[in-house]
Amino acid sequence: MTDQVRVRFAPSPTGDLHVGGARTALFNWLFARQHGGAFILRIEDTDQVRLVGQSIAGIIESLRWLGLHWDEGPDIGGPYGPYVQSQRLPLYREHAERLVLAGQAYYCFCTPERLERVRQEQRARGEPPGYDRHCRYLLPAAVEERLARGEPAVIRFKMPLEGETTIVDLLRGEITYENRLLQDLVLLKSDGFPTYHLANVVDDHYMRISHILRAEEWIPSAPLHYQLYHAFGWEMPVLCHLPLILSPDGKGKLSKRHGATGVLEFKRQGYLPEAMINYLALLGWAYDAEQEIFSREELIEKFRLEEVNPHPARFNFEKLLWMNQYYINHVLSLDDLARRCVPLLQEAGLVPLEASDPSTPAYAYVREVVALVKDRLKLLTEVVDLTRFFFTEVEDYDPELLLARKVEPETMLYALERVIETLRTADFSDEADLERRLRGLAEELGLKTGQLFMPIRVAVTGRTVSPGLFETLRVLGRECSLTRLAAAREKLAEYLPRRAAAG
RNA sequence: GCCCCCAUCGUCUAGAGGCCGAGGACACCACCCUUUCAAGGUGGAGAUCGCGGGUUCGAAUCCCGCUGGGGGCACCA
């Protein structure tokens, strides 16, 4: 037995990778990286019924996006492949039959209908539901005959009927179960596929897995697995069950009806993988009383599996959003952020294809624009709406917005004319010059700064909410700014008589 | 019903017998900054450490019980 750390993330392709799975993958990955071990991706596709065709691709895309790269897996192979369980079927059958031969497992011919009936009767009597071990005591000759006849059968494990099974969980210590309460679990289904239990144990053994990090919901099956390892004569990996991620209201596991749960959904909504990773790492783990922003490298260095808090944590969307914003505002460099915004702006048709190339003027402009909204973005996707007017004409706006409270409409019209006149000779590359001129004008006209600046903002952006006015003017440039101001003046001039008529 | 796990502000958590009349973050409130919106700054409110027993000179921290929450009891993983 080698003391190398080898861990795996083993999702089943039944749908999207959700945040719970992502957290499990993350902790496995962190543990592997910090110990110089191997992180393995294994696909557990043993359920032909629940299988969803495209989900493997989605899971792989999700993990890649999060930056959780694996050392062995279905797409890249490795020394202990294949890494897809449906491609290892003979191995599982062989091991199930080996246990039958050794008298540690048996064929069961019970139909699903009978099993269901038995469970219902048990429930009615207030007993725990489970298999009644009907076929465990079939005579060998009878078994042979029914198999020869081709009767559908599963292979079940013979759990010890007495004694106790104690497993050791890294976070919880010893957990003991009475064997008489454990089930004769199915190892091999009648369709020839293994169940999770068999495939998982066999693969973890042959893939030399040293530590099993999986969700807490698996604790009850751990004693079953322990007995399986024992029956095969194998050493069991170290067990560590990770606390569950609960819904925000704490009622049950996080699920779709609580909002986005798929990793790719978060991506689509404009979350950064860095923020996701950081947030997920903090769900159940903390470094100290202060720090909570960690780079990937810091996490690898500081994460301690043994310090994971064993109690379930609720998923808090607000905190994740805050963290995403924090990363955008304070962690990403301007270029990094701009590069990530380019595809979104292209998709919206605001920016040409060439902006992907950082040496182009198109990119340089995006970069300048992004700088103005950097600390206003909570989600990457918001960049499109927040900066639209930098790339295209302003949207039509209500002329009423060009008026300021407690200022005569005619005064505003005059003020706009003066703004145009003042800016015509301004140095648009110099924010300070723009500011000096406009403040001076406000004073000269006897207007409060807000009374003058808001109409300018509306004229130039079409909005009442925008980045700082002077930097906006600077980036838009003289020509564009003056054109929009002139248009605003026309709009207002045309509107005022109508307004007066309406009373 | 049975088995198992867990338990500190609304939420995520720090805390491994005295440093805790419990610290940080999100959310919330107020103020400052201010051309809008953010960001930032300062301050505030918010936890009798679920309850009850022990052990100890001393317990959020150790033990027991209770309660509460969560998970599991498939030819699903």
Side-chain angles (χ1 to χ4, degrees), chain A residues 10-14 44-47 49-50 108 110-112 115-116 119 122-131 152-156 169 171-172 175-178 181-183 185-191 193-197 199-200 214-223 241 243-244 246 248-253 279 282-293 307 309-323 325-326 329-330 373-378 386 435 438-439 442 448-454 456-458 461 463-470:
Chain A
S12 56
T14 53
E44 309 217 326
D45 58 342
T46 57
D47 185 348
V49 180
R50 293 203 310 155
C108 168
C110 293
T111 62
L115 296 176
E116 185 48 37
R119 276 194 290 269
Q122 287 163 330
R123 258 188 265 268
R125 272 180 268 130
E127 293 169 15
Y131 182 52
V154 302
I155 293 178
R156 280 181 190 275
D169 180 272
L171 303 179
R172 289 160 255 261
I175 303 173
T176 300
Y177 287 83
E178 286 186 64
L181 299 172
L182 301 181
Q183 300 284 314
L185 72 160
V186 172
L187 300 178
L188 200 70
K189 306 183 228 178
S190 56
D191 64 1
F193 277 73
T195 57
Y196 167 84
H197 308 289
N200 198 261
R214 74 217 320 180
E216 184 183 352
E217 57 196 337
W218 292 105
I219 291 179
S221 55
H241 290 92
L244 255 19
L246 267 27
D249 62 11
K251 296 190 196 308
K253 293 190 273 186
Y279 177 71
L282 257 28
L283 227 41
W285 175 80
Y287 175 62
D288 61 14
E290 309 295 329
Q291 187 181 0
E292 57 179 2
I293 299 297
E307 287 167 10
N309 195 330
H311 89 260
R314 302 185 190 190
F315 194 86
N316 188 328
F317 286 93
E318 288 89 48
K319 179 114 185 203
L320 171 61
L321 189 60
W322 169 81
M323 195 165 277
Q325 177 174 46
Y326 187 88
N329 294 185
H330 305 293
V373 294
K374 194 174 194 287
D375 58 11
R376 277 157 244 255
L377 290 177
K378 282 182 157 67
L386 249 35
E435 179 161 3
L438 291 175
R439 281 192 191 283
K448 290 183 184 166
T449 46
Q451 292 174 322
L452 180 65
F453 294 174
M454 184 52 87
I456 302 178
R457 162 174 293 108
V458 170
T461 69
R463 318 260 178 108
T464 54
V465 173
S466 82
L469 184 57
F470 313 113

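So you know, we letter chains A, B, ... as the sequences are listed, proteins then strands, and number each from 1.
Going from the C1' atom of B/G41 to that of B/U34 covers 13 Å, rounded to whole Å. Rounded to whole Å, the separation between the C1' atoms of B/A39 and B/C33 comes to 11 Å. A gap of 9 Å separates the C1' atoms of B/U8 and B/G15, to the nearest Å. A distance of about 23 Å separates the P atoms of B/C31 and B/A47, rounded to the whole Å. B/G10 sits 11 Å from B/G46 when the P atoms are compared, rounded to a whole Å. Going from the P atom of B/C26 to that of B/G21 covers 26 Å, rounded to whole Å. The separation of B/A60 from B/C3, taken at their P atoms, amounts to 32 Å, rounded to a whole angstrom. B/C49 and B/U61 are spaced 9 Å apart, taking the P atom of each and rounding to whole Å.
Considering only heavy atoms from C-beta on, A/Arg172 comes within 4.5 Å of A/Glu216 through its side chain. Residues A/Tyr196 and A/Leu185 are not in side-chain contact: their nearest non-hydrogen atoms beyond the backbone lie 4.5 Å or more apart. Proximity of A/Ile175 to A/His241: side-chain heavy atoms (C-beta onward) are nowhere separated by under 4.5 Å. Looking at heavy atoms from C-beta onward, A/Gln122 lies out of side-chain contact with A/Tyr131 at the 4.5 angstrom threshold. By the 4.5 Å heavy-atom criterion applied to side chains, A/Thr195 and A/Thr46 are not counted as neighbours. No side-chain heavy atom of A/His330 sits under 4.5 Å from any side-chain heavy atom of A/Ile293.
Look at A/Arg439 and you'll find a side-chain N or O under 4.0 angstrom from OP1 or OP2 of B/U35. Within the 4.0 Å cut-off from OP1 or OP2 of B/A38, not a single side-chain nitrogen or oxygen of A/Lys374 is found. Side-chain nitrogen and oxygen atoms of A/Asn309 include none within less than 4.0 Å of the OP1 or OP2 phosphate oxygen of B/G15. For A/Thr46, a side-chain nitrogen or oxygen approaches OP1 or OP2 of B/A77 to under 4.0 Å. Side-chain nitrogen and oxygen atoms of A/His241 include none within less than 4.0 Å of the OP1 or OP2 phosphate oxygen of B/C6. A sub-4.0 Å separation between OP1 or OP2 of B/C75 and a side-chain N or O of A/Arg119 is present. In this model, the phosphate group of B/A39 is not approached by any side-chain N or O of A/Arg376 to a distance below 4.0 Å at OP1 or OP2. Phosphate proximity of B/A39 to A/Gln325: present, with a side-chain N or O under 4.0 Å from OP1 or OP2. For the pair A/Lys189 and B/A77, the criterion of a side-chain N or O lying under 4.0 Å from OP1 or OP2 is met. Phosphate proximity of B/G24 to A/Lys319: absent, as no side-chain N or O sits under 4.0 Å from OP1 or OP2. Proximity of A/Arg125 to the phosphate of B/G1: no side-chain N or O atom is located under 4.0 Å from OP1 or OP2.
For A/Leu283, taking side-chain heavy atoms from C-beta onward, the closest of the listed nucleotides B/C12, B/C26, B/G23 is B/C12. Considering only side-chain atoms of A/Arg314, the nucleotide from B/C5, B/C75, B/U11 that sits closest is B/U11. Listed nucleotides B/C73, B/A25, B/G70 differ in distance to A/Glu292; the shortest reach to its side chain belongs to B/A25. Nearest nucleotide to the A/Pro312 side chain, out of B/G70, B/C76, B/C3: B/G70. In this structure, the nucleotide among B/A74, B/U13, B/A27 sitting nearest to the side chain of A/His311 is B/U13. When each of B/U36, B/A27, B/C75 is scored by its nearest atom to the side-chain atoms of A/Pro112, the top-ranked nucleotide is B/C75. Distances were taken from every side-chain heavy atom of A/Ser466 (C-beta onward) to each of B/C73, B/C3, B/U36; the shortest belongs to B/U36. Comparing B/C26, B/C73, B/U36 by their closest approach to the side chain of A/Val465 singles out B/U36. Candidate nucleotides B/A27, B/C4, B/A39 were compared by shortest atom distance to the side chain of A/Tyr177, and B/C4 ranks first. Listed nucleotides: B/A27, B/U35, B/A14. Nearest to the side chain of A/Arg457: B/U35.
Among the atoms of the strands shown, base atoms are found under 4.0 Å from some heavy atom of A/Pro467. At a threshold of 4.0 angstrom between heavy atoms, the contacts of A/Gly468 include nucleobase atoms, whether or not backbone atoms are also involved. Across all strands shown, A/Cys108 has no heavy atoms under 4.0 Å from either base or sugar-phosphate atoms. In this structure, A/Trp218 reaches the bases: a heavy-atom distance under 4.0 Å links it to at least one base atom across the strands shown. Base engagement by A/Thr464 is indicated by at least one non-hydrogen atom pair under 4.0 Å involving a base atom. Contact annotation for A/Val186: backbone-only contact, meaning every heavy-atom pair under 4.0 Å involves sugar-phosphate atoms and none involves a base. Within the 4.0 angstrom heavy-atom criterion, no nucleotide atom of any strand lies near A/Arg123.
Here B/C31 sits opposite B/G41 as a Watson-Crick or G-U wobble pair (both hydrogen-bonding atom distances under 3.5 Å). Across the strands present, B/C2 finds its partner in B/G72; the criterion is a Watson-Crick or G-U wobble pair with both atom distances under 3.5 angstrom. As the counterpart of B/U67, B/A7 is assigned, both hydrogen-bonding distances of the Watson-Crick or G-U wobble pattern falling under 3.5 Å. Pairing of B/U48, defined by two Watson-Crick or G-U wobble distances under 3.5 Å, is not identified with any nucleotide. Pairing of B/C57, defined by two Watson-Crick or G-U wobble distances under 3.5 Å, is identified with B/G18.
Mapping A/Ala313 and A/Asp45 onto RNA chain B via the closest heavy atom, the residue that lands nearer the 5' end is A/Ala313. With the nearest nucleotide of RNA chain B identified for both A/Leu320 and A/Phe470, A/Leu320 has the one nearer the 5' end.
Between A/Glu216 atom CD and B/G69 atom C1' there is a gap of 11 Å when expressed in whole angstrom units. If you measure from atom CG of A/Leu181 to atom P of B/C5, you get 13 Å, rounded to the nearest angstrom. In this structure, the CD atom of A/Gln451 is 18 Å from the P atom of B/U34, given to the nearest Å. The distance from atom CH2 of A/Trp322 to atom P of B/G40 is 9 Å, rounded to the nearest whole Å. Note: NZ (A/Lys251) to C1' (B/U11) measures 14 Å, nearest angstrom. For the pair A/Tyr131 OH and B/A74 P, the computed distance is 13 Å after rounding to whole Å. Counting to the nearest Å, the C1' atom of B/C12 and the CG atom of A/Leu246 are 13 Å from each other. The nearest whole Å value for the distance from the NZ atom in A/Lys253 to the P atom in B/G70 is 13 Å.
A perpendicular orientation is assigned to the rings of A/Phe315 and A/Tyr279, their planes being inclined by more than 60° (bins at 30° and 60°).
A pairwise comparison of heavy atoms in A/Glu44 and A/Asn200 identifies OE2-ND2, 3.2 Å as the closest pair. Across all non-hydrogen atoms, the minimal contact from A/Met323 to A/Leu282 is CE-CD2, 3.9 Å.
Under the 3.5 Å distance criterion, the side-chain polar atoms of A/Asn316 are left unmatched by any main-chain donor or acceptor of A/Pro248.
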